[in-house]
Amino acid sequence: MTEMTMGKALNEGLRQAMRDDDHVLVMGEDIGRLGGVFRITDGLLDEFGKLRVVDTPLAESGIVGTAVGLAYRGYRPVVEIQFDGFVYPAFDQIVSQVAKLHYRSQGAVKMPITIRIPWAGGVGAAEHHSESPEAYFVHTAGLRVVAVSNPQDAYTMLRQAIACDDPVIFFEPKKLYHVKGDVQLGTALDDAAPMGLARIARSGTDVTLLTYGSQVATALDAATAAEDEGVSIEVIDLRSLSPVDYRTVTASVRKTGRVVVTHEAAREAGLGAELIASVTERCFNFLESAPVRVTGWDIPYPPAKLEKHHVPDLDRILDAVDRVLDKPNSFTGVEL
Amino acid sequence: MTEMTMGKALNEGLRQAMRDDDHVLVMGEDIGRLGGVFRITDGLLDEFGKLRVVDTPLAESGIVGTAVGLAYRGYRPVVEIQFDGFVYPAFDQIVSQVAKLHYRSQGAVKMPITIRIPWAGGVGAAEHHSESPEAYFVHTAGLRVVAVSNPQDAYTMLRQAIACDDPVIFFEPKKLYHVKGDVQLGTALDDAAPMGLARIARSGTDVTLLTYGSQVATALDAATAAEDEGVSIEVIDLRSLSPVDYRTVTASVRKTGRVVVTHEAAREAGLGAELIASVTERCFNFLESAPVRVTGWDIPYPPAKLEKHHVPDLDRILDAVDRVLDKPNSFTGVEL
Amino acid sequence: MTDVLFGYPAKEPAHAGRPTKVHPGKRVTMVHTLTPAADLGTDVEDVARLVSATGERMRDADLDPWVADVDTAQLQGLYRDMVLVRRMDAECMALQRQGQLGLWAPLNGQEAVQVGSARPLREDDFTFPTYREAGVNYVRGAEPAQYMRAWRGEAHSSYNPYDLGSAIQQIIIGAQALHAVGYAMGIQRDGTDQVATVYFGDGASSQGDVNEAMIFAASFDAPVVFICSNNHYAISEPVGVAAKSPIAGRAPGFGIPSMRVDGNDVLAMMAATRWAIARARQGHGPSFIEAVTYRMGPHTTSDDPTRYRTQDEVEAWRRRDPIARVEGLLRAQDAFDDDFTAGVQADADALAADIRTACLGMTTAPAISILDNVYAEPHAGIDEERRWFGAYLDGFADAPAAGTQEQAS
Amino acid sequence: MTDVLFGYPAKEPAHAGRPTKVHPGKRVTMVHTLTPAADLGTDVEDVARLVSATGERMRDADLDPWVADVDTAQLQGLYRDMVLVRRMDAECMALQRQGQLGLWAPLNGQEAVQVGSARPLREDDFTFPTYREAGVNYVRGAEPAQYMRAWRGEAHSSYNPYDLGSAIQQIIIGAQALHAVGYAMGIQRDGTDQVATVYFGDGASSQGDVNEAMIFAASFDAPVVFICSNNHYAISEPVGVAAKSPIAGRAPGFGIPSMRVDGNDVLAMMAATRWAIARARQGHGPSFIEAVTYRMGPHTTSDDPTRYRTQDEVEAWRRRDPIARVEGLLRAQDAFDDDFTAGVQADADALAADIRTACLGMTTAPAISILDNVYAEPHAGIDEERRWFGAYLDGFADAPAAGTQEQAS
Ligand SMILES: Cc1ncc(C[n+]2csc(CCOP(=O)(O)OP(=O)(O)O)c2C)c(N)n1
Ligand SMILES: Cc1ncc(C[n+]2csc(CCOP(=O)(O)OP(=O)(O)O)c2C)c(N)n1
Ligand SMILES: [Mg+2]
Ligand SMILES: [Mg+2]
């Protein structure tokens, strides 16, 4: 085990994947000489050369579209989108081509493309630099979507995503790039938990708290705080956002009977809606109260000085926990 | 009242809106001389001329992006996207510009853009011509999203959308373009039900069936069929997909206690998820069974010969009705 | 201070522009003069050409060397190709009109672009066609069913791309241009001398993706050939909406040499494509060909072209027919006798019959198959839906043909 | 058959290329010779220029007529503008380093592009800047707070666009190019002689949107001026990744006349922009200016340029400083005395002080304000969230400053 930041873990994961398979290449803006604006590709150009570490022109549709062509040819491109808000110019290529080509070709053409997205807010960034677009991709059949919350998952799941024959949208919380954790490097992928499984980040008996990405840490803080008040929260780090590991989720909900979902993305038709709808469909008779969402508001991401009012924090999560426990909360008396 | 097809009603709505306000202009591919591939803009070029009926180059980002500039200048562009599957190249302009500019400019810049999208399947079309992308837009704060299901709404809501100072994504079910209905032309917009209100398409007491677009007709058929078996279904045509008129929805659910949602779009993180999550949050104590979704599968839209297995039909809806009524159904014994 | 000069780059000795001598490196060339036309509909003479509309062989110093080997037999082959392609197209149109296909995008009038540009490819090259390139797939060796399985609505692709060396036909306008460039980047990485070619229309040239494709191709010197089939229309919109000056004039700005070619001249198309392919194979990067042609039929079977163009215009183009002019050339070479034409006719009839048989014999896949191939690896979500849908279908077990193959109607 | 000629269009009498005589219609021109450069980093001499790096006035037949009226006083004004812009930029950099701004995108080195291209605008024209065009907004009359309210993270836009005739600064690379074209289409519909201008970088030229913008502008003859600030880098990527030959060479392919100008020469920038604006005002449609310049500082305050470029390169560009060369010119005209420089210095100090005061005095809006302006009209969803969030905030009523304005730290 080595202690390292999530950024470094991703860098190691990329390096390992490139060593394991010479058809893996990375491409994107500023990822070569600069090593990426977050330095996730640092040193790769030196080790693997220009043909495998490709500084591209500034055009996201172009990057993803050429990655599609490389996949047609048998390559496994790893694309870096510089910031979450810059993935939209590539949306057509992702939704109509990357996601659908395997289906459209009756399985003839594989699209083992990994699209890495530095993701979400909480870092005081300028506009378009704090987006949480995961629901768009979760709603898109043909894609797998994952979000990492710690260095070990970052390292392992990135390798798994690259090794997967399906396209994977890979979300990396910018806020965690500099957070450290222990990482076991170099293990065989088969020994690791599959990318599709959720992780029980903390066991509990009263409330199931579903989350992912940088909200996992906030959720764990909330669970610690709730413990002081005698409430036992089970925190589930989803890891895979599509497909969701409903086996793990429903087992927890059937145990606790109460559900809170939290994410930064806007509420309306966000992943929280999917989670609540599916949990309700699957566990209706086990539910003791209405599942509740704690999310970003249904607004464009606000200016940096105000983002703390948008990204769910410990207080808002605890308020929701009170709500599912039928304790007094901010919704008490509010008409729905 | 005049009987006309939905296509004709839309054409009349556009004409009326252009007569009412000379800052309204329509733009898109083949909308001028040809009158649009569905003839929705038929005759407008002759009446309003080239400056207000603009055949554009073939580039959706270009169309929406120039519409943004026209809105900056005080115009109210009505953009036609030729088919649902061709809206994705414009996704960046829609999500980062159209949806957000009012917010980004602290209210200084209005974006009264209407984006008309011939929408969804059931017409035996080639690939990319039967998409149901509404959830992407519903999840995007700053947009309003509506879907019409009959000629009168098509006529009135299109005029309302154009008159609205916010951007509106306007979904027109291709399958209904040729279906006729009575339309009251030329009424004052203030006299019509606001665009944001849902409509109870059929009253009922046992089950609330939430839907929109061409599924409304299927839902009504299902309600008729269910009546024969003594089940009274309330069919709600949502009309506005964002915001959803939860007042109407919750009133119905509190009455029936049982909910089925149906749409063509894929299930995962679709609008049905939002509806079920919100209904559960708002009506938990009124629910007698788990709300159920009947949707397209989580697959790319299938080839034309197989689409009937994808688009929810009467049988699949009735199966879901059985399910919420705890009658034997295809899920009986299936583990969730 | 610089001179005030038109042109880009500065004028050079004329021979430097000949395709055989185009410098591989940084030099940006437009091989044929382009006079920005007031009306792009009338600029059809401003092209490179080897065979006149009446079938005379013309000289072109740039193109001639590339078809020096084309003898009468090869010319007969090209003629045969085009006749068969036209017949295939007509048969599919007929099948659509008879309700056997959902849609068809006819290529009538564009046979020379497709045959002439596809013949120079090697089997191990790869091409990226649009919905209209059935003629390219003919050259790539398509089996009868591979022309229209998708148009019948049985599947999204009519064939396995790796069987033909041809990507699935693209409907999202322009998207495939980037795929071709990416594929060509893959070729570079494999160190082979294969090439990728890509087709798109005049309308498509407006899409961001097509422009980004040229930028990426130039940036990486990718071995790709861009073939713009300027058939004068994007559905109803005349090419003048997309371009105020010839589309071939764009590529040099991106650093890509280009040619504007008579797209109804199969020999010129073959020469130009050979030039471009040779550049790519030799590591000199991308080239661009604007093939000036005309869509004789409707955009698709859903379209009514009388709404936006005159019969006169269509007739003028009929006089530039790509097949007739090769007939003229062959006649001049005494190579157009009854034996030959009867043989071609018989082959065309056979192809049409095979297509019809293949089409009518198609079976529709079972309902549950719509869940196949969404993912390449096992997927919990799809597995679950498969169970649900299977259970649902089982409920109809007594209903006819549920969950099983349906015979085509 | 056509001649084999380089160049596009065919060669014309030299004078025809002069900006004053550029034909409005279909004629496609590139006003200055472009030699495709092996290394775009070394092509900085291949530009139109009126003032040398050492401050000598040079003659250029194309550009001279457009600045015939520029006397010493106007030159002093341009000098003052650039000094103030540089000072404003330095102050914002300092504020960022002191933690008062979240980010800043410095324009140091690009003062001449911004001042020279913005001065020719009329008040009722409209411009579409990027994040780096603070100098343009200076010319448009920005108040101190309007430079950095957004960079401080207080709001997404630092100003109301209609106050300055300047759209909100765009961060989505290239998106604004289409907005400018659309705005210009609006001008056409209003029948006025206003113009729109738009800025984007060398890197941005790769984006589909920028290319589509040129296509739409050409198609509709929109009164828009494209100004590409080629500062040689897109963050770390040298312009050679985006373009193998000069970016100005692209516009003619789209049917848009273009000029490649020394972007560190404020007089040349002014002349070129006046030429382009005049064309637009007179109904002759779009023009394109590539301003060849250099970003002296980091991409933004988050960037470390030493990772990707040498100090030598930066020093070479320091010798091409846009302000120093106007100083030289003014000295030659005996118009650079202590009085003048002291006055400019004082103005710059005052501007910097005002900016600092404005920045430090900013207050942060209340929490609930994040729900404002999502929609222009009442919206049930937002109304409901406002009630929820309000009730939630009320729960903290005793906590300090909840829901109320916070003083900036
Ligand atoms: C992204 C996208 N937008 C719109 C369409 C609808 N559409 C199909 S073909 C076509 C015209 C294409 O014209 P062109 O590129 O000239 O090719 P041609 O059909 O003439 O061969 C249009 C607008 C589409 N398929 N994809
Ligand atoms: C669509 C999009 N992709 C990526 C980025 C990230 N990004 C910001 S500035 C920049 C480089 C821009 O270079 P250039 O256009 O030359 O302008 P400059 O910064 O040099 O003024 C990049 C890649 C972005 N803002 N938007
Ligand atoms: Mg065409
Ligand atoms: Mg730059």
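So you know, we letter chains A, B, ... as the sequences are listed, proteins then strands, and number each from 1.
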Whatever's closer than 4.5 Å to a heavy atom in chain C on A/S96 counts as side chain
A/R247 versus chain C, heavy atoms under 4.5 Å apart: side chain, backbone, both or neither? neither
What part of A/V54 lies closer than 4.5 angstrom to a heavy atom of chain C: side chain, backbone, both or neither? side chain
I'd like to know which of C/F220, C/Y159, C/F216, C/Y162 tops the heavy-atom pair count under 4.5 Å against chain A. C/F216
Shorter than 4.5 Å, heavy atoms on both sides: which option in A/C164, A/S242, A/G196 has the most such pairs with chain C? A/C164
C/R189/A/H23 under side chain to side chain contact (heavy atoms under 4.5 Å, CB included): CA gap, chis, key distance, verdict: CA-CA 9 Å; C/R189 278 151 185 79; A/H23 276 67; over 6 Å; no
Measure C/A180 against the heavy atoms of chain A and call it side chain, backbone, both or neither at under 4.5 Å. neither
Winner by heavy-atom pair count (cut-off under 4.5 Å) against chain A, out of C/I187, C/I215, C/N160: C/I187
Heavy-atom pairs under 4.5 Å with chain C, option from A/D245, A/V64, A/I63 with the top count: A/I63
Can you tell which of C/A376, C/S157, C/S158 has the highest number of heavy-atom pairs within less than 4.5 Å of chain A? C/A376
At a 4.5 Å cut-off on heavy atoms, which part of A/K100 comes close to chain C: side chain, backbone, both, or neither? neither
Judged by modelled atom types alone, do C/Q194 and A/R73 share a side-chain donor-acceptor pair under 3.5 Å? yes
Applying a strict 4.5 Å limit to non-hydrogen atoms, the region of C/A177 in contact with chain A is neither
Going through the distances and angles, do A/Y75 and C/D190 end up as a side chain to side chain contact (heavy atoms under 4.5 Å, CB included)? CA-CA 10 Å; A/Y75 283 85; C/D190 292 340; 2.3 Å; yes
Do the side-chain N and O atoms of C/Q176 and A/Q97 include a donor-acceptor pair separated by under 3.5 angstrom? no
I'd like to verify something: which residue of C/A167, C/A184, C/A222 has the highest number of heavy-atom pairs under 4.5 Å with chain A? C/A167
Return yes if a side-chain donor-acceptor contact under 3.5 Å exists between A/Q106 and C/D372, otherwise no. no
Considering only heavy atoms, which portion of A/D55 lies under 4.5 Å from any heavy atom of chain C: side chain, backbone, both, or neither? backbone
Leading residue by heavy atom contact count with chain A [cutoff under 4.5 Å; candidates C/H156, C/Q188, C/Q170, C/E377]: C/E377
Among A/A108, A/P77, A/G62, single out the residue with the greatest number of heavy-atom pairs under 4.5 Å to chain C. A/G62
Is C/F126 close to chain A through its backbone or its side chain, or both, or neither, when contacts mean heavy atoms under 4.5 Å? side chain
Taking side chain as everything from C-beta outward and backbone as N, CA, C, O, which of these in A/D92 sits under 4.5 Å from a heavy atom of chain C? Side chain, backbone, both or neither. side chain
Check step by step if side-chain hydrogen bond (donor to acceptor under 3.5 Å, both in side chains) holds for A/R104 and C/Q169. CA-CA 10 Å; A/R104 291 169 57 199; C/Q169 288 180 278; over 6 Å; no
Does any part of the side chain of C/H379, heavy atoms only, come nearer than 4.5 Å to the side chain of A/P243, both counted from C-beta? yes
Side chains of C/E212 and A/S61: closer than 4.5 Å at any heavy-atom pair? yes
Spell out, as yes or no, whether a donor-acceptor pair under 3.5 Å connects the side chain of C/Y375 to the backbone of A/L143. yes
Under 4.5 Å to a heavy atom of chain C? For A/A67 that would be neither
Counting only N and O atoms by type, is there a donor-acceptor contact under 3.5 Å from the side chain of A/Y103 to the main-chain atoms of C/I370? yes
In terms of heavy-atom pairs under 4.5 Å with chain C, which of A/V68, A/L25, A/L51 leads? A/L51
Are A/H102 and C/V374 close enough that some pair of their side-chain heavy atoms sits under 4.5 Å apart? no
Parallel, tilted or perpendicular: which describes the rings of C/F128 and A/Y72, with under 30° parallel and over 60° perpendicular? perpendicular
Got a salt bridge between C/E384 and A/R282, using NZ or NE/NH1/NH2 to carboxylate O under 4.0 Å? yes
So which part of C/I382 gets closer than 4.5 Å to some heavy atom of chain A, the side chain, the backbone, both or neither? neither
Would you say A/L70 and C/Y183 make side-chain contact, with heavy atoms under 4.5 Å? no
Region of C/A175 in contact with chain A, defined by heavy-atom distances below 4.5 Å: both
